[in-house]
Number of protein chains: 2
Amino acid sequence: MLGVSLIPIRSGSSSASGSGAERSDAARNRELLLCAARQLVEECGADGVTMDKLAERAGVGKGTVFRRFGSRAGLMMTLLSDAEAEFQGRFMFGPPPLGPGAPPLERLIAFGAERIRYVMEYGELARAAETSLHNRFEAPAAVLWHRHIEHLLRSAGFDADPWLMAMSLSATLEPERLLHAVRVQHVSPGRLEDSWRELVIRVVGAAGG
Amino acid sequence: MLGVSLIPIRSGSSSASGSGAERSDAARNRELLLCAARQLVEECGADGVTMDKLAERAGVGKGTVFRRFGSRAGLMMTLLSDAEAEFQGRFMFGPPPLGPGAPPLERLIAFGAERIRYVMEYGELARAAETSLHNRFEAPAAVLWHRHIEHLLRSAGFDADPWLMAMSLSATLEPERLLHAVRVQHVSPGRLEDSWRELVIRVVGAAGG
DNA sequence: ATAATATCCGGACCGCAGTCCGTTTAGACT
DNA sequence: AGTCTAAACGGACTGCGGTCCGGATATTAT
């Protein structure tokens, strides 16, 4: 059942953090920063956003930016959190074939297809959110995808180390690789989806159940 | 036949570059730099080697370091070139099951196993050689592996987009991921090899030939 | 030997992510 | 209002990869 509450990603605007609420100036600055960040992403692209530019645009000090988001990757995760949460909701609770109800193989195929579309839309942000060795595999979102794929593999009767196989399948769907394939090597997203389907069919198809 | 001459990686000490030979001071500095770099890798680990430290240790200016190697990634590639060339020689011309002579599936399995061992030994360098978006997928070595896997897939009768499937398989073998699995998640290399074998068996096993 | 020149050298310089710490201020309590 | 304190602020600072260009030097032609 995957005892995971939805969206462990990052707080967008909620408070209620144990002891006291957030100070008002902090809240105001966070809004200023998020607003400025979205502007900058639109103007310069995700890769063109620097923490200095962001601080200046928002009219706050650089230290404030890092206290809010911890790192550049953290900022990018925050910017992604809405889209990410929506995606998570769809594959965990949404309608088939992505959500529960469809056979595991169908869900795996749909998961890859949706993920590819997601990367085509938010890939730059997602890639920027994955810098810093630490967050790349341990980020809540990445862990959740991994578990989801592993779960689907098990459900499909895959009995040989589903954990590692989920790792391999995740690797195929990494933003960096997908973006490079599409933007540099001119592979169409449709072709990516076809190859993903072929891959998962073969991986689970040969299984016992 | 893959019309590729061996080792397009980086010159270790050869000259013969079109016009004139290398100036003697340049050659001397390159040796100083390589020697210092190997020392530093041993002392600080690949991740601990900075270009400033290297320049100071070798007793040359920072500019010289960058003229020699182009970038930090280039330096790491150069440090890897011997091991890399040896590996390439083995899977292209060496004895079966890695080299030609064995059935394609056997060669694929052996390739993954060898690659895993390679990463266990040189993983830090390999990872450091893969920074900078550009070199990650376009580096000669990466292209060669990709082509090799694609070739083996075709030979094994895989008929559905071998190019992209080779990309997926390559993704599984990336140093970053493998190192993380082993060092952080305590997966044994043997388990990685088993999962790789399972993966390629299923991928080519379901094929026509 | 000497002059000419293409190459190489060095380190000051830049932009960036991330840290540190003295200063300011919001919010609660009196 | 006044005081007190924990939290937030800001921007100078560090370390890094990478660039630039005036000066030094090996090589070649004479």
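Below, chain A is the first sequence line, B the second, and so on; all start at residue 1.
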Nucleotide [N], atom [atom2] - distance to [atom1] of [X] in whole Å:
X	N	atom1	atom2	value
A:Glu56	D:dG11	CD	P	11 Å
A:Arg68	C:dG18	CZ	C1'	17 Å
B:Arg28	D:dT27	CZ	P	11 Å
B:Asn135	D:dG18	CG	C1'	14 Å
A:Asp52	D:dG10	CG	P	14 Å
B:Leu54	D:dG17	CG	P	10 Å
A:Asn29	D:dA8	CG	C1'	8 Å
B:Phe66	C:dC14	CZ	P	17 Å

DNA chain C: 5'-proximal contact among B:Gly59 and A:Lys53 (nearest heavy atom):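 Residue closer to the 5' terminus by nearest nucleotide: B:Gly59.
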(message) With nearest nucleotide decided by heavy atoms, which residue, A:Met51 or A:Arg67, maps closer to the 5′ end of DNA chain C?
(response)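 Mapping each residue to its closest nucleotide by heavy atoms, the 5'-most match is A:Met51.
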Review point. Between B:Arg117 and B:Glu121, does a salt bridge (charged side-chain N to carboxylate O under 4.0 Å, His left out) hold up when you go through it step by step?
Key: CA-CA 6 Å; B:Arg117 275 193 274 277; B:Glu121 186 159 2; over 6 Å; no
Margin query: At 4.0 Å (heavy atoms only), tell me whether A:Arg72 reaches a base, stays on the sugar-phosphate, or touches nothing.
Written below: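 Answer is sugar-phosphate: A:Arg72 comes under 4.0 Å of backbone atoms only.
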| query | Under the criterion side-chain contact (heavy atoms from CB on, under 4.5 Å), which of A:Ile109, A:Leu199, A:Leu108 is the partner of A:Val204? | reply |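 Testing each of A:Ile109, A:Leu199, A:Leu108 against A:Val204, the sole residue satisfying side-chain contact (heavy atoms from CB on, under 4.5 Å) is A:Leu108.
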Practice task
Looking only at side-chain atoms of B:Ser24, point me to the closest of D:dT19, C:dC16, D:dT27.
Solution key: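 The listed nucleotide nearest to B:Ser24's side chain is D:dT27.
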Next on the checklist: Counting only side-chain heavy atoms from C-beta out, which of D:dA8, D:dC9, C:dC9 sits nearest to A:Arg23?
Outcome noted: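 Shortest atom-to-atom distance from the side chain points to D:dA8.
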- Query: Would a distance-only check, ignoring hydrogens and angles, find a side-chain to backbone donor-acceptor pair under 3.5 Å from A:His180 to B:His134?
  - Reply: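 Side chain of A:His180 to backbone of B:His134, a donor-acceptor pair under 3.5 Å: no, none is there.
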Item to check | Nearest-0.5 Å distance, CZ of residue A:Arg191 to OG of residue A:Ser195 | outcome: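 With rounding to 0.5 Å, CZ (A:Arg191) is 8.0 Å from OG (A:Ser195).
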### Query
Looking at C:dA12, does its base get a donor-acceptor pair with the side chain of B:Lys62 below 3.5 Å?
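No.
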| task | Have a look at B:His148 and tell me which of B:Phe93, B:Phe91, B:Phe87 forms a ring-ring contact (aromatic ring centres under 6.0 Å, His included) with it. | result |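 Among the candidates, only B:Phe91 passes.
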